[in-house]
Amino acid sequence: MLTRILYPVDLSPRSQKGLAWIANRVLQKHSTLVAVHVVSPAAGLDTPRYVHDAEVTLDTLCNTILAPDISCKVISTAGDLEEVLPEIAHTERCSFAILPVIQGESILPLVRQMAIPQFLLRTENGDFPEEDVFTKIVMALDLSPERTEFLLTRMKDILSDSDIPSTIHLLHGLPLEDAEGSQNLVHAATEALEQVRSEVSKWNPDTVAEVISGQPEEELPRKIMSIQPTLLVVGLATHGEMWQLILGSTAEALINKTSCPVLIIPT
């Protein structure tokens with residue numbers, strides 16, 4: 001998955017810190033970084049000069065920060081970020097995207113267009129995570145057999161490249177509208193989630209699972225915040241050939257109401 005990584009750089013000190021963080025925490029010898037700077041066309045007649053200057057600056061920055069054995073492609077262009085970035089991800093055949101996000105910043109419009117695995121590197125006060133993001137993982141599962149299996153397989157592949165022991169919390173949100181049948185629903189969901197936990201524990205022994213009843217949009221973010229994970233993993237469906245992710249109310253709540261980094265995997 002981490003073979004061709006897209007990273008937008010706006011040349012601010014924060015995005016430069018993010019580039020250094022990626023260089024130290026993510027990039028591997030087989031990785032290629034596609035570093036992109038998008039200039040607003042509002043610059044008018046000066047736009048071509050700004051694009052050229054940004055390309056020179058970004059190229060110098062990457063050569064300074066990245067290790068010599070890391071492949072890097074620098075792209076500087078003009079346009080709307082939410083339109084240009086997904087198109088570059090597609091044409092450059094990127095396998096992964098890392099998007100630096102300040103807490104509270106609106107990111108969902110861009111996320112919807114990026115139908116590749118993407119990592120929301122969320123920060124508070126411009127600081128990036130000091131501990132490994134794979135230390136304590138929360139995975140939100142809908143228990144759909146096909147999507148769940150796909151999501152867990154991708155996560156297993158990612159962790160196989162990490163030497164850090166991981167704790168995985170499997171969470172399933174169960175809306176309970178019918179009090180009469182709630183006990184049976186909870187029992188069935190708990191049993192299904194336990195089967196998933198048993199399978200995951202074969203490749204990650206430190207794995208726990210819990211069914212969270214109530215309104216998922218409210219209860220899941222609350223539970224996640226109490227766990228204080230280093231990473232939240234969410235699987236989202238893709239919309240056919242439209243290069244777009246489907247975000248439901250629960251997924252939006254998970255992204256908007258939590259503060260940790262998020263790994264979004266298209267299923």
Measuring only between side-chain heavy atoms, which start at C-beta, is [X] closer than 4.5 Å to [Y]?
X      : Y      : answer
Leu151 : Thr153 : no
Ile158 : Leu263 : yes
Ile137 : His169 : no
Glu219 : Ser213 : no
Ser160 : Trp203 : no
Phe96  : Leu6   : no
His172 : Ile212 : no

Distance check, rounded to the nearest 0.5 Å: [X] atom [atom1] versus [Y] atom [atom2]?
X      : Y      : atom1 : atom2 : value
Asn256 : Leu108 : CG    : CG    : 5.0 Å
Phe150 : Glu146 : CZ    : CD    : 9.5 Å
Gln118 : Ile264 : CD    : CD1   : 4.5 Å
Ile5   : Cys94  : CD1   : SG    : 9.0 Å
Arg222 : Thr258 : CZ    : OG1   : 13.5 Å
Gln215 : Leu220 : CD    : CG    : 10.5 Å

Quiz prompt | Distance-minimising heavy-atom pair for Ala35 and Leu58 | solution =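 So the minimum-distance heavy-atom pair works out to O-CD2, 3.7 Å.
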Exercise. Please lay out, stage by stage, how Phe134 and Thr230 fare under the test side-chain contact (heavy atoms from CB on, under 4.5 Å).
Key: CA-CA 7 Å; Phe134 296 130; Thr230 55; 5.9 Å; no
Quiz item: For Glu194, does the CD atom sit with more than 12 other heavy atoms under 6.0 Å from it, leaving out its own atoms?
Solution: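 For Glu194, atom CD is crowded (more than 12 foreign heavy atoms under 6.0 Å).
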Quiz item: With clusters built from Ile, Leu, Val, Met, Phe, Trp and Tyr whose side-chain heavy atoms come within less than 4.5 Å, directly or transitively, what are the remaining members of the cluster of Val208, listed by chain and number?
Solution: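 Answer for Val208: none, a lone residue.
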Give every donor-acceptor pair under 3.5 Å between a side-chain atom in residues 45-57 and any protein atom, sequence neighbours left out.
{"from": "Thr47", "atom 1": "OG1", "to": "Gly44", "atom 2": "N", "distance (Å)": "3.3"}
{"from": "Thr47", "atom 1": "OG1", "to": "Gly44", "atom 2": "O", "distance (Å)": "2.8"}
{"from": "Thr57", "atom 1": "OG1", "to": "Asp53", "atom 2": "O", "distance (Å)": "3.0"}

Quiz item: Is any NZ, NE, NH1 or NH2 atom of the basic residue among Glu252 and Lys257 found under 4.0 Å from an Asp or Glu carboxylate oxygen of the other?
Solution: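 No, this pair does not count.
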Quiz item: Does Ser166 offer a backbone N or O that forms a donor-acceptor pair with the side chain of Asn204 under 3.5 Å?
Solution: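 Looks like yes, one N/O pair under 3.5 Å.
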Quiz item: With sequence neighbours left out, what residues match Ala67 under side-chain contact (heavy atoms from CB on, under 4.5 Å)?
Solution: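 Scan of Ala67 (side-chain contact (heavy atoms from CB on, under 4.5 Å), adjacent residues dropped) gives Asp69, Ile70.
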